Amino acid sequence: MTPETLVTDLCAQALAALYGADPALVQVSKTRKEFSGDYTLVTFPLLKASRKSPEQTAQEVGEWLLKNTPHIRDFNVIKGFLNLSLDGAYWLGRLEGISAPSYGFTCDSGRTVMVEYSSPNTNKPLHLGHLRNILLGYSVAQISEACGHNTVKANLVNDRGIHICKSMIAWQLFGDGETPESSGMKGDHLVGKYYVAFDRAYKAEIKELTERGCNEEQAKREAPIMQQAQEMLRLWEAKDPEIYALWQRMNGWVYAGFDKTYALMGVSFDKTYYESDTYLLGKALVQKGLEKGVFYKRDDGSVWVDLTADGLDEKLLLRADGTSVYMTQDLGTAVQRFNEYRLDDMVYVVGNEQNYHFQVLKLILKKLGYAWSDHIFHLSYGMVELPEGKMKSREGTVVDADDLMAEMIATAREMSEELGKLDGLTDAEKDEICRIIGLGALKYFILKVDPKKTMTFNPKESIDFNGNTGPFIQYTHARIKSLARRAGGTQGASPDTPENDTKAFQGRELEPKEIELIKMLSELSPTVEQAGREYSPALIANYAFDLAKEYNQYYHDYPILKEGVADDDKRFRLALSLQVASAIKKAMGLLGIEVPERM
RNA sequence: GAUCUCGUAGCUCAGCUGGAUAGAGCAGCAGAUUUCUAAUCUGCCGGUCGGGGGUUCGAGUCCCUCCGGGAUCACCA
């Protein structure tokens, strides 16, 4: 039980005893910093039951609590607010409760959740927008896992279609047999290079055609290279052996490249779907929908669903020639997944430009009679923009994921060296630390922002390492680990298992800052649960920052292992510090961010 | 045009289901290190919470309306 729910319970008891009031009226929140107290009861909603003034009500409840319940040490009344303080014994007990290694994690919830994220196209390398998607998805999956759900991380690779044919035809035309091995280029970048080459050639052809008097629409259709790409798509669909082999080969390069990027990011998947396998799914559903009268067929043979009664429009599900579209496929994969994994929840991490698509998807599934439609959650996130606006591949303003990560790591190294943090370490240790810090800065920068907001990224001002940043939090952890090493043998504290001797501190007087830290440590669990319910890594990020900030003040104000500190104090302060380090590590872990032992 | 979404300090962002005098970080200014990591800490400066109505004991938060940014409204995925 968290302190807040405890206080809520106690207040409910008081109100029942004093006024016979409905416990649902009890409103308890954390006491604001400028007032003394731990938790605050708001009395305004209770006045009808108490039939007294706010101040009198607060006074009465406070006195009742003081007399009849354990742990309430003190109270004060300001206007209609009753500020309650819990006693030291209670807080010491809390410290014990949060010392369990499993604290912050729920055991098996019995639920199965799939999180789909990344879902790249195979015609170009990953960029900053993908980074936001991937980091969100991975973090949401980690949080889901921490909430006790059996979690399946899924990637749906868009490996087929005209876009990959564009890269393929350009490679055939201009590639001269170039491979990742021959060029030393990462496979995804190599294929991306030909995607760009296609675009350049295509533009040139359009220009030429329009100069010869073609109108633009016609030129776009008739440009030879586009015709060739379309022919290639037809051949691919007919499983032409040569084209199929080329497709497999070039996609193989891309996958090798993606794997490297994913590995550096520290993310992974449990299940990879390929659209080339799934793009025909959903056709049977269309038949079922027709039979149920949910869909209808037009004269040309195409199949539609009419959603105008729900305030949406009509949506195509099957073309006149019987081929399927994106929606058809997504319906099919959703049904397949829920069946195959017996999912309780399905989370799609997909950009907000597809809000409408998912609205329609859920509605159609509901109309088809799938009750689990309500358990589909579209984790919709906003664009990452540059100061001058959207990233545009044509203008070369796309921020490449690999480049960005490399830059962040390089910046981390510069700063570390400047600050002399790496002295006396081996090269391998230096690399490790710089990687952790550089990526930590990047990941935190992206994850601390509410997903649904568009965020701006300024490549010219590199991401900060001071203040509300990943490195700030990592530094706090490293600092505490440094204390642990210093305490070393005498305390017997191993870095990963904080001492569990908090019982020994019974009767100890706690400083306000210590209570504040224990209070914050108590909030890890509820924060994780809330982040799980709301699919919000940002909540965890903000929690980690607040905790680190609070700790740094404590560290500054109170000596921990310094000369002259009493042994008891040393042991308690260190134990508390180690709990903070542990909470930081857990929270950051849920964001997919590592924390170094030193930095 | 319709639907959705966002608008909080110069900049980047918090603000839980409505609760006390709206908070951080960066930038700017002024300070703190003989002793545990200064990637830290302290103080100052900075706000008509886009505007206007309404509901409420109480609104940044809920409702309406207007203004501004973005997204979507493809037989692309």
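Protein chains get the first letters and strands the later ones, always in sequence-line order, with residue 1 at the start of each. Computed from heavy atoms alone, side chains included, the values below leave out hydrogens, waters and symmetry copies. Because the structure is a prediction, the values reported are computed rather than measured.
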Q: For A/Ala478, answer base if it contacts any base atom (sugar-phosphate contacts may also be present), sugar-phosphate if it contacts only those atoms, and nothing otherwise; contact means non-hydrogen atoms under 4.0 Å.
A: base

Q: Using a heavy-atom cut-off of under 4.0 Å over every strand shown, decide if A/Tyr444 touches base, sugar-phosphate, or nothing.
A: nothing

Taking N or O atoms only and anything under 3.5 Å, show me the protein contacts with nucleotides 16-21 of chain B, one pair per line.
{"residue": "B/rG19", "atom": "N7", "partner": "A/Gln27", "partner atom": "OE1", "Å": "2.8"}
{"residue": "B/rA20", "atom": "OP2", "partner": "A/Arg32", "partner atom": "NH1", "Å": "2.5"}
{"residue": "B/rA20", "atom": "N6", "partner": "A/Thr40", "partner atom": "OG1", "Å": "2.9"}
{"residue": "B/rA20", "atom": "N6", "partner": "A/Asn83", "partner atom": "OD1", "Å": "2.9"}
{"residue": "B/rA20", "atom": "N1", "partner": "A/Asn83", "partner atom": "OD1", "Å": "3.3"}
{"residue": "B/rA20", "atom": "N1", "partner": "A/Asn83", "partner atom": "ND2", "Å": "3.4"}
{"residue": "B/rU21", "atom": "OP1", "partner": "A/Lys79", "partner atom": "NZ", "Å": "3.3"}

Could you check whether [Y] and [X], counting side-chain N and O atoms only, form a donor-acceptor pair closer than 3.5 Å?
X        : Y        : answer
A/Asp464 : A/Thr469 : no
A/Thr40  : A/Thr31  : yes
A/Glu514 : A/Tyr554 : yes
A/Asn552 : A/Thr476 : yes

(Q) Does this structure show an ion pair linking A/Asp546 with A/Lys549, if we count only N-O contacts that are shorter than 4.0 Å? (A)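 Looking at A/Lys549 together with A/Asp546, the answer is no, because their closest N to O distance does not fall below 4.0 Å.
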
(Q) Does this structure show an ion pair linking A/Glu511 with A/Lys513, if we count only N-O contacts that are shorter than 4.0 Å? (A)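 Judged by the 4.0 Å cut-off on N to carboxylate O distance, A/Glu511 and A/Lys513 do not form a salt bridge.
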
Would you tabulate the nitrogen or oxygen pairs shorter than 3.5 Å linking the protein to nucleotides 6-11 of chain B?
{"residue": "B/rG7", "atom": "OP1", "partner": "A/Lys453", "partner atom": "NZ", "Å": "3.2"}

In whole angstrom, give the distance that lies between atom [atom1] of [X] and atom [atom2] of [N].
X        : N      : atom1 : atom2 : answer
A/Asp450 : B/rU12 : CG    : C1'   : 14 Å
A/Asp546 : B/rG15 : CG    : P     : 11 Å
A/Phe457 : B/rC26 : CZ    : C1'   : 15 Å
A/Met455 : B/rC13 : CE    : P     : 6 Å
A/Glu237 : B/rA77 : CD    : C1'   : 13 Å
A/Gln329 : B/rC76 : CD    : P     : 13 Å
A/Gln56  : B/rC57 : CD    : C1'   : 17 Å
A/Phe545 : B/rG23 : CZ    : C1'   : 11 Å

Distance, [atom1] atom - from [M] to [N], rounded to whole angstrom:
N      : M      : atom1 : answer
B/rA74 : B/rG69 : C1'   : 24 Å
B/rG23 : B/rC63 : C1'   : 27 Å
B/rG1  : B/rG18 : P     : 33 Å
B/rC66 : B/rC4  : P     : 13 Å
B/rA9  : B/rC49 : C1'   : 10 Å
B/rU33 : B/rA38 : P     : 12 Å
B/rA71 : B/rA59 : P     : 35 Å
B/rU35 : B/rC16 : P     : 43 Å

Q: Could you tell me whether A/Arg479 sits above the aromatic face of A/Tyr551, with NZ or CZ closer than 6.0 angstrom to the six-membered ring centre and within 45 degrees of the axis?
A: no

Q: Please work out whether the ring planes of A/His357 and A/Tyr326 are parallel, tilted or perpendicular, with thresholds of 30° and 60°.
A: parallel

Q: Check the angle between the aromatic planes of A/Trp236 and A/Tyr279 and answer parallel, tilted or perpendicular using the 30° and 60° thresholds.
A: tilted

Q.
When you measure from the side chain of A/Asp310 to the backbone of A/Leu312, do you find a donor-acceptor pair of N or O atoms at a distance under 3.5 Å?
A. no

(Q) Here's a test of your reading of the structure: between A/Pro451 and A/Gln359, which maps to the more 5' nucleotide of RNA chain B? (A)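 Its nearest nucleotide lies further toward 5', so the answer is A/Gln359.
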
Q) Starting at the 5' end of RNA chain B and moving along, which residue's nearest nucleotide shows up first, A/Glu563 or A/Glu385? A)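 The 5'-side residue here is A/Glu563.
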
Q: Can you run down the side chain to side chain donor-acceptor pair (under 3.5 Å) pairs that involve residues 433-449 of chain A, sequence neighbours left out, and say none if there aren't any?
A: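 Listed by first then second residue: A/Glu432-A/Arg435, A/Arg435-A/Glu594, A/Tyr444-A/Asn468.
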
Q: Among residues two or more places apart or on two chains, list those pairs meeting side chain to side chain donor-acceptor pair (under 3.5 Å) that have a residue in residues 523-533 of chain A.
A: A/Gln530-A/Glu534

Q: Take nucleotides 38-43 of chain B nucleotide by nucleotide from the 5' end and write B, S or -, depending on whether a protein heavy atom sits under 4.0 Å from the base, only from the sugar-phosphate, or from neither.
A: SBSSS-

Q) Taking only residues two or more places apart in sequence, or in another chain, which ones meet A/Asp330 in a salt bridge (charged side-chain N to carboxylate O under 4.0 Å, His left out)? A) none

Q: Please name all residues satisfying salt bridge (charged side-chain N to carboxylate O under 4.0 Å, His left out) with A/Arg234, sequence neighbours left out, ordered by chain then number.
A: A/Glu231

Q. Please, which pairs that meet salt bridge (Lys or Arg N to Asp or Glu O under 4.0 Å) have at least one residue in residues 312-323 of chain A, sequence neighbours excluded?
A.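 Every pair satisfying salt bridge (Lys or Arg N to Asp or Glu O under 4.0 Å) with a residue in residues 312-323 of chain A: A/Arg298-A/Glu314.
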
Q.
Once salt bridge (Lys or Arg N to Asp or Glu O under 4.0 Å) is applied, what residue pairs with a partner in residues 37-48 of chain A remain, sequence neighbours excluded?
A. A/Asp38-A/Lys519

Q | Secondary structure string for RNA chain B (Watson-Crick or G-U under 3.5 angstrom, | for other-strand pairs) | A | (((((((..((((.....[...)))).(((((.......))))).....(((((..]....))))))))))))....

(Q) Of the options B/rA77, B/rC36, B/rA14, whose atoms approach the side-chain atoms of A/Arg486 most closely? (A) B/rC36

N/O-N/O pairs, protein side and nucleotides 71-75 of chain B side, under 3.5 Å:
{"residue": "B/rA71", "atom": "OP1", "partner": "A/Lys390", "partner atom": "NZ", "Å": "2.8"}
{"residue": "B/rC73", "atom": "O2'", "partner": "A/Asp313", "partner atom": "OD2", "Å": "3.2"}
{"residue": "B/rC75", "atom": "N4", "partner": "A/Asp300", "partner atom": "OD2", "Å": "3.2"}

(Q) Would you say CD of A/Glu216 has more than 12 non-hydrogen atoms from neighbouring residues, nucleotides or ligands within 6.0 angstrom? (A)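 No, not enclosed.
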
Please tabulate, for side-chain N and O atoms in residues 125-133 of chain A, each donor-acceptor pair with protein atoms closer than 3.5 Å (sequence neighbours left out).
{"residue": "A/His127", "atom": "ND1", "partner": "A/Gly129", "partner atom": "N", "Å": "2.9"}
{"residue": "A/His130", "atom": "ND1", "partner": "A/His127", "partner atom": "N", "Å": "2.9"}
{"residue": "A/Arg132", "atom": "NH1", "partner": "A/Gly382", "partner atom": "O", "Å": "2.7"}
{"residue": "A/Arg132", "atom": "NH1", "partner": "A/Lys453", "partner atom": "O", "Å": "2.9"}
{"residue": "A/Arg132", "atom": "NH2", "partner": "A/Asp450", "partner atom": "O", "Å": "3.2"}
{"residue": "A/Arg132", "atom": "NH2", "partner": "A/Pro451", "partner atom": "O", "Å": "3.2"}
{"residue": "A/Arg132", "atom": "NH2", "partner": "A/Lys453", "partner atom": "O", "Å": "2.9"}
{"residue": "A/Asn133", "atom": "OD1", "partner": "A/Ser118", "partner atom": "N", "Å": "2.7"}
{"residue": "A/Asn133", "atom": "ND2", "partner": "A/Val349", "partner atom": "O", "Å": "3.0"}
{"residue": "A/Asn133", "atom": "ND2", "partner": "A/Tyr381", "partner atom": "OH", "Å": "3.1"}

